[in-house]
K.L.:
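The structure's right below; bear with me while I get my questions together.
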Amino acid sequence: LNGTIAVIDDDACVRKAFGRLLRVAGFEVTAYASAQEFLDAPHAPPPDCAVLDMHMPGLSGLELQQRLRAVGMGIPLIVITADGRTCQASLDAGAVAYLRKPVDGPMLIGCIERAIATSPQRAQPVRLAAGAH
Amino acid sequence: MSTTAALVSGVILLKAVLIGAFVAQRRRTRGENKAREEQRQLVHLARVAVVGELSGGLAHELNQPLTAILSNAQAAQQVLARDHVDVAELREILDDIVAADKRAEGIITRLRRLLKREELTLRRVGLAPLLDEVLSLVRSNLAAHCVRLEAHIADDLPDVLGDAVQIQQVLLNLLLNACDALSEAAPEDRRIDLDASREPEGSFVQVRVRDRGPGIDSDGLERVFDAFFTTKPNGLGLGLAICKQIVTAHGGRLWATQNGGRGAAFHMTLPIFKG
């Protein structure tokens, strides 16, 4: 396996397609339908990388980034967005890259591989649900 | 004056009166037609404005199936590059591509229908599927503002008598307004509730759209339906005024209340179709 990936997207059809693309490329994928669902799940160990949709009902991708930072969970995040303003905000909040939908598969895989290769840590196990709400 | 001359004069006078009445009637009809046409244009322009507000969300909504199609197709290319091709896996991928394509087609069809310019036509409308269609049109706009929508549609919701496109126009207006009202809300308050059920008294269905935004003061509850009354910096203040006209033309009512001290609630009633 090339690594473990969290796909966080509220659209079931996109979640399934990203999951399939990444599994075929050799990654182990866990999918989440919302930022809150990701926060509520135990992460021991955390994924090597997360692919995060910016615009989701409830907690936004950017707010999830901020909460992950607040608990010191340094997962490399690749943000998927269509909005230029949130691109910059997500990079400022620590995302390693952003991509626009429709996302090119090889480009996404390349970003994930680079993010994992250059990640300073395979973060320590953290249970998010307790401290991140 | 001879009898014949009097008769001729009488006939001429009668003709003149009839022609005069005919001309007046035609003028009146033309005036009514013109007013009706202007009203139709105004309703259509307001609908075009709603579609304009939706456009960013619709582009995003179209991007979702396009993303799924591209990712699935690229996954299929990788599957095909393997030594042993799994036909069942490929079939499943193709099924998902077809489903995503149909979803994109559905978005375009709904958009076209919304932009059609037609007379108000009252006929039997399935309100529950219409609400599903409205929610699919507005879904991405809500997601872009990180707003959740909780829909509570009664299982026994009866069909209504109305114009499907114009009812959609009203619902879209109410939902987009509710979404705007939540722009400053905390994540836990970014929520819209939509309820649809038969009124207890019998011959109407009521649809409610409730938000948890700053709400409307008691003076504003009536004024929000006045033409050119707006709280939005770039709003024309016509949306709700036209919505009220549309609902009234259906024989229903549209009114606003406070949402139990937490945001605003808009209520619309529509007559149940009785066959």
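In this text the structure is predicted, and so the values were computed from the model without any measurement. Per chain, numbering begins at 1; letters A, B, ... match sequence-line order.
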K.L.:
More than 12 non-hydrogen atoms from neighbouring residues, nucleotides or ligands closer than 6.0 Å to NE2 on B:His267, yes or no?
P.N.:
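Count over threshold, so yes.
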K.L.:
Just do the side-chain contact (heavy atoms from CB on, under 4.5 Å) check on B:Glu188 and A:Leu59 with the steps written out, would you?
P.N.:
CA-CA 8 Å; B:Glu188 58 276 15; A:Leu59 207 60; over 6 Å; no
K.L.:
In plain terms, say whether A:Arg20 and B:Glu92 are close enough for a salt bridge, that is, a side-chain N and a carboxylate O under 4.0 Å apart.
P.N.:
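Result for this pair is yes, salt bridge flagged.
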K.L.:
When only pairs under 4.5 Å are counted, which of A:Pro57, A:Gly61, A:Ser34 shares the most heavy-atom pairs with chain B?
P.N.:
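Heavy-atom pairs under 4.5 Å are most numerous for A:Pro57.
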K.L.:
Quick one: are B:Val79 and A:Val24 in side-chain contact, heavy atoms under 4.5 Å?
P.N.:
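Yes, close enough: below the 4.5 Å cut-off.
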K.L.:
For a quick test of reading the model, state the closest non-hydrogen atom pair linking A:Asp10 to B:Ala143 and the distance between them.
P.N.:
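Looks like OD2-CB, 4.4 Å.
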K.L.:
What are the two closest non-hydrogen atoms of B:Ser71 and A:Val103, and how far apart are they?
P.N.:
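Taking every non-hydrogen atom into account, OG-O, 4.3 Å.
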K.L.:
Please classify the contact of B:Leu66 with chain A as side chain, backbone, both or neither, using a heavy-atom distance under 4.5 Å.
P.N.:
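Both backbone and side chain.
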K.L.:
Please report the C-alpha distance between A:Arg100 and B:Asn63 in whole Å, then the side-chain angles of each, then the deciding distance to 0.1 Å, and finally whether the side-chain contact (heavy atoms from CB on, under 4.5 Å) criterion is met.
P.N.:
CA-CA 9 Å; A:Arg100 284 170 186 262; B:Asn63 255 335; over 6 Å; no
K.L.:
Can you tell me which portion of A:Ile109 sits under 4.5 Å from chain B's heavy atoms? Options are side chain, backbone, both or neither.
P.N.:
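When you check distances to chain B, only side chain atoms of A:Ile109 fall under 4.5 Å.
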K.L.:
Quick check on A:Tyr98: does its OH atom have over 12 non-hydrogen neighbours (other residues, nucleotides or ligands) under 6.0 Å away?
P.N.:
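Result for OH/A:Tyr98: open.
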K.L.:
Take atom CZ of B:Arg82 as the centre, draw a 6.0 Å sphere, and report whether it contains more than 12 heavy atoms from other residues, nucleotides or ligands.
P.N.:
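Count over threshold, so yes.
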K.L.:
Which value, rounded to the nearest 0.5 Å, describes the distance between A:Leu21 atom CG and B:Thr67 atom OG1?
P.N.:
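OG1 of B:Thr67 is found 11.5 Å from CG of A:Leu21.
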K.L.:
Donor-acceptor pair, distance only, cut-off 3.5 Å: does the side chain of B:Arg148 make one with the backbone of A:Gly58?
P.N.:
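No; zero donor-acceptor contacts below 3.5 Å.
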K.L.:
Given that the side chain runs from C-beta out, which part of A:Ala25 has a heavy atom under 4.5 Å from chain B: side chain, backbone, both or neither?
P.N.:
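For A:Ala25, the contact with chain B is made by backbone and side chain together.
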K.L.:
Rounded to the nearest 0.5 Å, what separation is found between the NE2 atom of B:His60 and the CG atom of A:Asp53?
P.N.:
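B:His60 NE2 to A:Asp53 CG: 5.5 Å, rounded to 0.5 Å.
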K.L.:
Closer than 4.0 angstrom, basic N to acidic O: yes or no for B:Glu89 and A:Arg23?
P.N.:
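No, B:Glu89 and A:Arg23 are not salt-bridged.
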K.L.:
Below 4.5 Å, heavy atoms only, C-beta onward: do A:Met56 and B:Cys146 meet side chain to side chain?
P.N.:
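SC-SC contact between A:Met56 and B:Cys146 ruled out.
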K.L.:
Quick one: are B:Pro187 and A:Glu63 in side-chain contact, heavy atoms under 4.5 Å?
P.N.:
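Result yes, sub-4.5 Å side-chain heavy-atom pair found.
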K.L.:
List the atom of B:Ala144, the atom of A:His55, and the distance in Å for their closest heavy-atom pair.
P.N.:
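Looks like O-ND1, 3.4 Å.
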K.L.:
Which residues from residues 93-106 of chain B are near chain A, with near meaning under 4.5 Å between non-hydrogen atoms?
P.N.:
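At a heavy-atom separation under 4.5 Å, chain A is reached by B:Ile93, B:Asp96, B:Ala100, B:Arg103.
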